[in-house]
Amino acid sequence: MEANKRQNVAIIGTGMAGLVVAYMLRNDHRGRFDVEVFEKQDKLSLDSASYNLTNQNGGGAKPERLDLPMRTFADGYYESLKRMYDYFGIPYGPLRFIYSLSTLPDNSTKQTSPYYMHSSNNHQLPPLRPTGLSWTGWLIEVCYLAMCYYWFKACCFFVAPKTLESCGTEESLRQYVERIMLPSYYVKRYFLPVFASVATCSHDALMDSPALDLVDYGRRTFRKNHHTVLGGVQHVEQKLSEDLTYKLGMKVTAVENVGTKVQVSWTDTCDGQSSSRLFDHVILAVTPDVVGTIFQPLRSAMKAVPTTTVQSVVHRDFSRILDSSKSIWAQVSLGPGEPAPHPLHMCSNGTATETVHEHPSSALITTYPIAPIDPEKVLHTATFTRVLRSTTSRQVVNQIFGQNNSGGEKSQLWRNGDGNVWLVGGWCWDGMVLLEGCLASATRVADALDVEVPWMKGSSL
């Protein structure tokens, strides 16, 4: 790049990855980039699904912003994300949760009954005991659970998953838990509900994911605190989008290389007018299904990256979890001035787990709903695309981002940055599809364009 030549960059998508890379490029200390952002919605997408919840009890309380989906992050895994939050002075802190695990009854009129309850960071001592479970049965269950839990954690540190790079074959999570002989009772009742809630996917999709993802996450978050942004990610969006030039309601229909430039074509969703323009660089901050639709070189490869549609529903239908909630609150003890914990009900059937977050403002947030919710009690519904991982998609993604380059046929696959087109997003790295992937992929583009990442100064990460 010539020293004084300004280059124009199009960024498509305004989730975390798109806004982060936009911030870094337009704040390049050498002032080399003119950044223009395209978003098909009528508002920036990072906070677009969130909801302002008013306390049912009234009293003039200010509405509380609910992040949908809930965006918690853990020490040990989200180091780049935490550095960025600290750089911007965005406040975050640990939320105290009480997790209840239950099986969804076949009869929709019956309530769930928890078979286990756990308080985050063991803030409730002694541990909570589900109503109806004898002390003897509960102690046996706790001891069994502890043995299985610490066995899995020990395996995370000492039993490496098989990967294509190390063994010539990619081991799925299903194969890994069988190899380490993790008991099926524990897997079904504890392991799958918890990790499927983190990954927001079905049990089968989780078990088909690369074992490396979950083992790495389990190792790095062991005995670490989990946090959430105080006041919601609206504050993150505001910081990243300050003075940003963006076009809302613009659906990008094609990204094509034209000589040394990249042409972006889009349609105005309001009046249907079509336009196109040439850019020096184009950064795609969208899900792989969208990438495959608008960027022909990756049309085939993106079919190997699975996606699913997930809902988060804000409602006041307590019919399913009322008894479970009463069981929790009957045992909760609070010190003077101590904030009440947030119950999080993980309710499973044979194939999936829904999470029901019991919010203090007398509302529930159900993510990945399985059981029916009374439509008259629904306040808000958000639908989003969830990118999944599989042993096949891991190899495809790693090839795109310059890993596993063994020559031959693989070398013909389009690589990130070819023709000055770049990919960023939570799925654009070798790990679970979480916010840290957004930061990692955005940083990769910044490094390639020789742009300084302000919150990474002095970092050894």
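Computed from a predicted model, the values in this text were never measured in an experiment.
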Any side-chain heavy-atom pair of [X] and [Y] under 4.5 Å:
X	Y	answer
H357	H345	no
R179	V159	yes
L278	V262	no
R83	E79	no
E256	Q263	yes
V451	L25	yes
N52	E64	no
T14	V37	yes

Flag the pair [X] and [Y] as a salt bridge only when some basic side-chain nitrogen lies within less than 4.0 angstrom of an acidic carboxylate oxygen.
X	Y	answer
E39	K247	no
D374	R316	no
D280	R32	no
D213	R394	no
D216	R219	yes

Practice prompt. Please say which of H226, K82, R223 ends up in a side-chain hydrogen bond (donor to acceptor under 3.5 Å, both in side chains) with D75.
Written response: K82
How about [X] and [Y]: does a side-chain donor come under 3.5 Å of a side-chain acceptor?
X	Y	result
T103	S348	no
E358	H342	no
T163	S166	yes
Y23	D243	no
S80	E436	yes
T72	H227	no
T287	D289	yes
T355	S197	no

Shortest non-hydrogen contact between [X] and [Y], atoms and distance:
X	Y	result
L244	A22	CD1-CB, 4.0 Å
P297	W414	CB-CD1, 4.0 Å
S390	S393	N-OG, 2.8 Å
A211	P161	CB-CB, 3.8 Å
V433	R386	O-NH1, 2.6 Å
Q395	L164	OE1-CD2, 2.9 Å

Backbone N/O of [Y] and side chain of [X]: donor-acceptor pair under 3.5 Å:
X	Y	value
N349	T351	yes
W429	M432	yes
K153	G218	yes
R415	Q399	yes

With under 30° as parallel and over 60° as perpendicular, where do the rings of [X] and [Y] fit, or are they tilted in between?
X	Y	value
W266	F38	tilted
W455	F88	tilted
F157	F222	perpendicular
F195	F152	perpendicular

Discussion item. For Y85 together with F73, are the ring centres under 6.0 Å from each other?
Written reply: yes
Practice prompt. Could you tell me whether W151 and Y186 have their ring centroids closer than 6.0 angstrom?
Written response: no
Discussion item. For T367 and S312: C-alpha separation, side-chain torsions, deciding distance, then whether side-chain hydrogen bond (donor to acceptor under 3.5 Å, both in side chains) applies.
Written reply: CA-CA 4 Å; T367 300; S312 283; 3.0 Å; yes
Worksheet entry | Option from L284, I283, V445, V424 for which side-chain contact (heavy atoms from CB on, under 4.5 Å) with I11 holds | I283
Worksheet item: If you draw the axis of the six-membered ring of Y115, does the NZ or CZ of R189 fall within 45° of it and under 6.0 Å from the ring centre?
Response: yes
Discussion item. Assess the residue pair R174 and D204 against the criterion (salt bridge (Lys or Arg N to Asp or Glu O under 4.0 Å)); give the C-alpha distance rounded to whole Å, side-chain angles, the decisive distance to 0.1 Å, and a yes or no.
Written reply: CA-CA 9 Å; R174 190 188 312 276; D204 278 343; 3.7 Å; yes
